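To start, the structure itself, in structure tokens.
This one's a predicted model, so the numbers in the text were calculated from it and none came from an experiment. Throughout, numbering of the chain's residues begins at 1 and tracks the sequence. One-based numbering, in listed order, for ligands and for the atoms of each.
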Amino acid sequence: MTSAPGNAVAERYDLRVPRYTSYPTAPHFSDAVDEATYRDWLGSLDAGQELSLYFHIPFCDSMCWFCACYTKIVQRYEPIHDYLGVLHREIDLVADALPARLCARHLHWGGGSPTLLTPEDWLSLIGALRRRFDVADDAEIAIELDPRDTTAEYVAALATAGVNRVSIGVQDFDSDVQAAINRIQPFEVVERVRSWLRRHGIDRVNLDLMYGLPRQTTAHVLDMVDKAVSLDPARLALFGYAHVPWMKSHQRMIDEAELPDASARLEQLLAASERLQQHGYHAIGLDHFARPDDELSLALEQGRLHRNFQGYTTDEARVLLGFGASAIGQLPQGYAQNLSPLRDYRRHVEEGRLPIARGFRLSPDDRLRAEVIERLMCDLGVDLKVVCDRYDRSVAELTSSIDALASLVDDGVVHVDDGHISISERGRPFVRLVAAAFDTYLATGQKRHSRAV
Ligand SMILES: C[S@@+](CC[C@H](N)C(=O)[O-])C[C@H]1O[C@@H](n2cnc3c(N)ncnc32)[C@H](O)[C@@H]1O
């Protein structure tokens, strides 16, 4: 080892690599997976298969300049109401294509801002879903909340619908940083939502925080962490701001001169991470923190942590069905993504077609590499022999990937010993780079990604 991982490494590895919420990642999906493929995949699911369901609500009432999610700004409710009608119809189309009435264990509403739905529409959507799917009594029912749109009435509706986990979008509490990202949201707004959730017994609360934002300093980030912890969340996500203006043109509103550089980002990440651990949270994978008694911490300890399109999860159902424009599903055969343009999504559903735009059919080699990458992203280590045995392959077939780790080994990011790969604690921020060594599509894909740290 020539040096401990630190700022020099951050600058040297100022590479752009995926976050690996899937392997292969979404930019490699193609139209080789279409409606017929998806219908076939749905029809071949086991009648006892447990499901995760994801619903995408692609609307917000104002644009946050940092946002990398698929959303559309609306000032009227009508487009949202119309969209919900289409979503109801899509639920029927998908349920009709399944071999039996299946049971969901995890439900997740993301966006955009699901909080823009009226409580009545929200309850009617849950009703439509329950008409076509069973929902396990102990199912995790989760939703992303924009605290600026959330009312006491809305939280009451969530409780009535059985919601038991919420993620509150915070980003940063500092007003100057908030001005630079067009998201004015005083601490008191989040605190108020937290108290409504407590009153209604929704105690599984995640907060989404970010570092690497314009005007953010390490002092801001530490203050943000302390304020976030005072709200007593079970989990926190600490996302590095992904600046991808070539994909998200509104990010051009952010002054690049105000963005922290690679070493400042790393300093922010390390400072926040240390402070969170001082507050008693466990570090989970790339960007999550959880209380020791939270299911995410327990899953990590027991080797049951997973990663899917929503990030880190305890979800063990290996089938995820995505509903709504741009939503991505994962089935035993591969991935399928819905059409993103709202008009196209709507037209397909109204014509009675499953609105699939593209996807990816997994080869045996993809499955092996997907598992290696998932273990690295979750456990910061993997025993290649154990994984290769499961796929009837030999570790020798991964030699070029192992060799690609050489400079990360020299830098003390990762240790390789007889097929055991382990990322050092100080190498944690670079886990995406270790995973990327096993990605055979990265070099050929010529896709641009956000910074690795
Ligand atoms: C899918 S968004 C929806 C949250 C909700 N609309 C809100 O604003 O509160 C979920 C989270 O993704 C994170 N996020 C969005 N854009 C990002 C970016 N460019 N880089 C890193 N994280 C991002 C933010 O922390 C955000 O809270």
Sort and list the pairs that fulfil salt bridge (charged side-chain N to carboxylate O under 4.0 Å, His left out) and have at least one residue in residues 273-286, not counting sequence neighbours. Asp226-Arg275

Looking at the rings of Phe323 and Tyr54, which for Trp means the six-membered one, are their centres under 6.0 Å apart? no

Give me the pairs of N or O atoms, one from ligand 1 and one from the protein, that sit under 3.5 Å apart.
unit_1	atom_1	unit_2	atom_2	d
ligand 1	6 (N)	Gly112	O	2.7
ligand 1	6 (N)	Ser113	OG	3.1
ligand 1	8 (O)	Arg183	NH1	2.5
ligand 1	8 (O)	Arg183	NH2	3.4
ligand 1	9 (O)	Leu145	O	3.4
ligand 1	9 (O)	Arg183	NH2	2.9
ligand 1	16 (N)	Ala68	N	3.1
ligand 1	19 (N)	Phe66	O	2.8
ligand 1	19 (N)	Ala242	O	3.1
ligand 1	20 (N)	Ala242	N	2.9
ligand 1	25 (O)	Gln171	OE1	2.7
ligand 1	27 (O)	Gln171	NE2	2.8
ligand 1	27 (O)	Asp208	OD2	3.0

As a quick check of understanding, evaluate side chain to side chain contact (heavy atoms under 4.5 Å, CB included) for Leu236 and Leu276, giving each step before the final call. CA-CA 9 Å; Leu236 299 115; Leu276 281 164; 3.5 Å; yes

Under a 3.5 Å threshold, yes or no: a donor from one side chain and an acceptor from the other, between Glu374 and His306? yes

Any idea how Tyr23 and Tyr441 line up, ring-wise: parallel (<30°), tilted (30 to 60°), or perpendicular (>60°)? tilted

Counting C-beta onward and ignoring hydrogens, is there a side-chain heavy-atom pair between Asn164 and Ile202 closer than 4.5 Å? no

